[in-house]
Amino acid sequence: MSDVAAFFHMGGYAAYVWPSMLISLVVLLANVFISRAQYKRVLRQTAQRARAKAESSTTGAKNQNVKS
Amino acid sequence: MFKWIHRFGSAPFVYRLAGLLGPWVGWLCLIVMLVGLYLGLIVAPADYEQGESYRIIYVHVPAAILSMFVYVVMAVSSAVFLIWRMKLADVVAQASAPIGASFTFLALVTGSLWGKPMWGTWWIWDGRLTSELLLLFLYFGYMALRAAIEHPQSAARAAAVLAVVGVVNIPIIHYSVEWWSTLHQPATITKIGKPSIHPSMAVPLLLMIFGFQLLYLYIVLLRTRIGILQREARTSWVANLPEIESSGANRV
Amino acid sequence: MTSDKSALQSNDTAEPLTVGILSLLTCIIKREWLVAFRNPGQWVNPLLFFVVVVSLFPLGVGPSPATLASIAPGVLWVSSLLAVLLSLGTLFDADYADGTLEQLVLSGQSLPLIVLGKVLVHWLLSGLPLLLVSPLLALLFNLPVASIPVLMLSLLLGTLTLSLIGSIGAALTVGLNQAGVLLSLLVLPLCVPVLIFGSSAVLAAASDLGAGGQLLILAACLLLALALAPLTAALALRIGVSGTR
Amino acid sequence: MSEPVLAVKDVTVWRGDNLLLDNVSFSLNDGNVLQIRGANGSGKTTLLRIVCGVGIADEGDVFWQGVSTRRNTDQFNDALLYIGHKAGIKGELTAMENLRIFCRLSGSENPASDDKKISVALDALSLNQKADIPCRHLSAGQQRRVSLARLLLQANRLWVLDEPLTSLDAAGLSWVESRIAQHAANGGMVLLTTHAPINVESVEVNTFDLG
């Protein structure tokens, strides 16, 4: 059996070693990507909120000018 | 010295620091993990007793160690938050919970996958695995309590109390479960812990543990930034952050 | 209508009027006893729950005396654990709803002592009845009669510890909706040592080995909980009260 | 001017994105009566709860005799009498039993004199024949009066009353107003929220408006 096949065969324990590696990879990568996605979402929300506040204060200022 | 710690209390400083360190930690973690896996799966010889199945320890043991380590970090930062009212300590605790629970879950899954070839059953009520299961419940309890209280500040303080109570109980739970498992099962099971290990097997294991630590650090740095943004959204220093303006600008 | 009482000690150094430990405890215990006495449903239900749950097991597991005897300690202990948790909801929620919990927190008296008083009465009304009913149920499971004293002693120590640990969970989840489910999730892992040593004490007694060791550990857990739980629950109450609106 | 007895500094509370309390600051000295005015939902109750320590402010702090109430909580609680929206009495217990508990909690150790004081207070509030029935059978106004009886029983310096006049009849209203006047005259402090302006003779009532 060629080296590669032996490697994947894992001495008969392939059914246990590879799933555990795979599950670990999936769970850890999920953590990474979920966190990154959440970071971008929070960034966008904060930006919208900051812009909304900036606009409301500028329009406020504009009204002041109109009134005074 | 105290002034130095105080700087870690200021959000902008920590936010920028986390931003700088993030990529470096990320890449270093990737490299260490790849090297560790390469050595562990390919170079290291098979175990004379367990054959190839022992290679699962390269994932199981780091996950088990990290699951405990992360909870202790959560408890210590919760205690700091309760005693010195340092908001950032709570941000770190909240940031650590999901990844800690993931490590515990991994430790359980890989533990049972490793146990199957050796004892023929998917789950053995071994002292260590049972403690991991209870640790998983403690993580779920922390996250559930924090989600259940809608007022953010009292959710943080309630969860912090629970984390500290949990960490006080962990040794008690661990030793009672150990005692319980040896009581009911005659000690026929082989040492599930770290078998006396040949250096060529030990090096990849240490690398993998270091890799998992780096991964935890990467996640905590990232989620700490999220926590800071959420808590400091109204402050001015957040408003004129470069990424806020840029992500705002391309929106218009 | 001049009231003599309105004379104020407006001097700045009015030393705090803390009431003696015993008089505070008796006041709280009397209060809790009266309230519990006036709506009995509050503490009868957990008892009925315990009896019903325990008597379900033979229906599920089968009537053979040998298996029943072997699972009896575990069944009795797990059911009493669940019964105590079920009854913990009433510890603070009623007071939170009618605003008296705030008054207790703001009373200036020692909050841990108040919590201890409440937990003692809660135990008298939930833990103790379990204790008294358990011999009958032990006979249902044909547990050897010799092991019944150990069963009662272990339940005596255990249920009080469970009430104390549970009071922390009750304080953390005060005022939350579906607090009952959350309370169990938070508190169950912390109750595992008590469950392990409690049921193994009864098991040891059933197979007439000495159960002294387990009972001593249960007593140690009780003392630890007696010392730490009221303080932690008091801190959690101050957080819980100031949480929601 | 020496440090005010009670000082509230820059209390700020956010509800989500909108600002409920914006840097609220005021102080109280002996003999002061301060009325917090504001529309419904302007944060009056939240502010009072923060002052008493059963509410959390996002920023700002409350000082009692110059020390943050987080440090001298017990001393502050001894001087505080808080009557909130909820009556704070147990429905299962009678008025007498409820008030006995309050007396004991506020530091008195002899039940005999407590009972005398309680019956005097209940007479003043014309609740004497209702003293021995469980409070849940009383009307909202009567329950309110039972909790207001505490104004006579406890010698606390600082009264924090959240809308004490709601569901009270005319007699009740004037009784509460005269109690407040007498408390201020004796050097006590009152912080309260009401919808209707209160007329308290011989004591100057300053007001604080929330947005």
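Chain letters run A, B, ... following the sequence lines, proteins first and then strands; every chain starts at 1. Keep in mind that this is a model prediction, so the values were computed, not measured.
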For the candidates [options], which exhibits the highest count of non-hydrogen atom pairs separated by less than 4.5 Å from chain D?
options: C:D98, C:L34, C:L104; value: C:D98
options: C:D95, C:V105, C:L101; value: C:D95
options: C:G108, C:G20, C:A97; value: C:G108

With a 4.5 angstrom heavy-atom cut-off, could you sort out which part of [X] is near chain C: side chain, backbone, both or neither?
X: D:I56; result: both
X: D:T73; result: side chain
X: D:F102; result: side chain

Compare every heavy atom of D:L105 with every heavy atom of C:Q109, then report the nearest pair and how far apart it is.
->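 So the two residues come closest at NE2-O, 2.5 Å.
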Where is the tightest heavy-atom contact between D:Y82 and C:E102, given as atom of each residue plus distance?
->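 Between these two residues, the closest heavy atoms are CE2-OE1, 3.7 Å.
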Over 12 non-hydrogen atoms of neighbours within 6.0 angstrom of CG in C:N177 | no
Heavy atoms of other groups near C:L136 CG, more than 12 under 6.0 Å = yes
Could you give the distance from CD (C:Q103) to OG (D:S106), rounded to the nearest 0.5 Å?
->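 The OG atom of D:S106 is 11.0 Å from CD of C:Q103, to the nearest 0.5 Å.
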From D:L80 CG over to C:S107 OG, what is the distance, rounded to the nearest 0.5 angstrom?
-> 10.5 Å
Examine distances only and state if a side-chain atom of D:E92 and a backbone atom of C:R38 form a donor-acceptor pair shorter than 3.5 Å.
-> no
Check: D:R49 side chain, C:S242 main-chain N or O, donor-acceptor pair, under 3.5 Å =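 The answer is no, because no donor-acceptor pair under 3.5 Å joins these two groups.
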Taking the side chain as every heavy atom from C-beta outward, state whether C:I28 and D:I101 have any pair of such atoms under 4.5 Å apart.
->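 No, every pair of side-chain atoms sits at 4.5 Å or beyond.
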Contacts of C:T161 meeting side-chain contact (heavy atoms from CB on, under 4.5 Å) (sequence neighbours excluded), chain-then-number -> C:I165, C:V194, C:C221, C:L222, C:A225
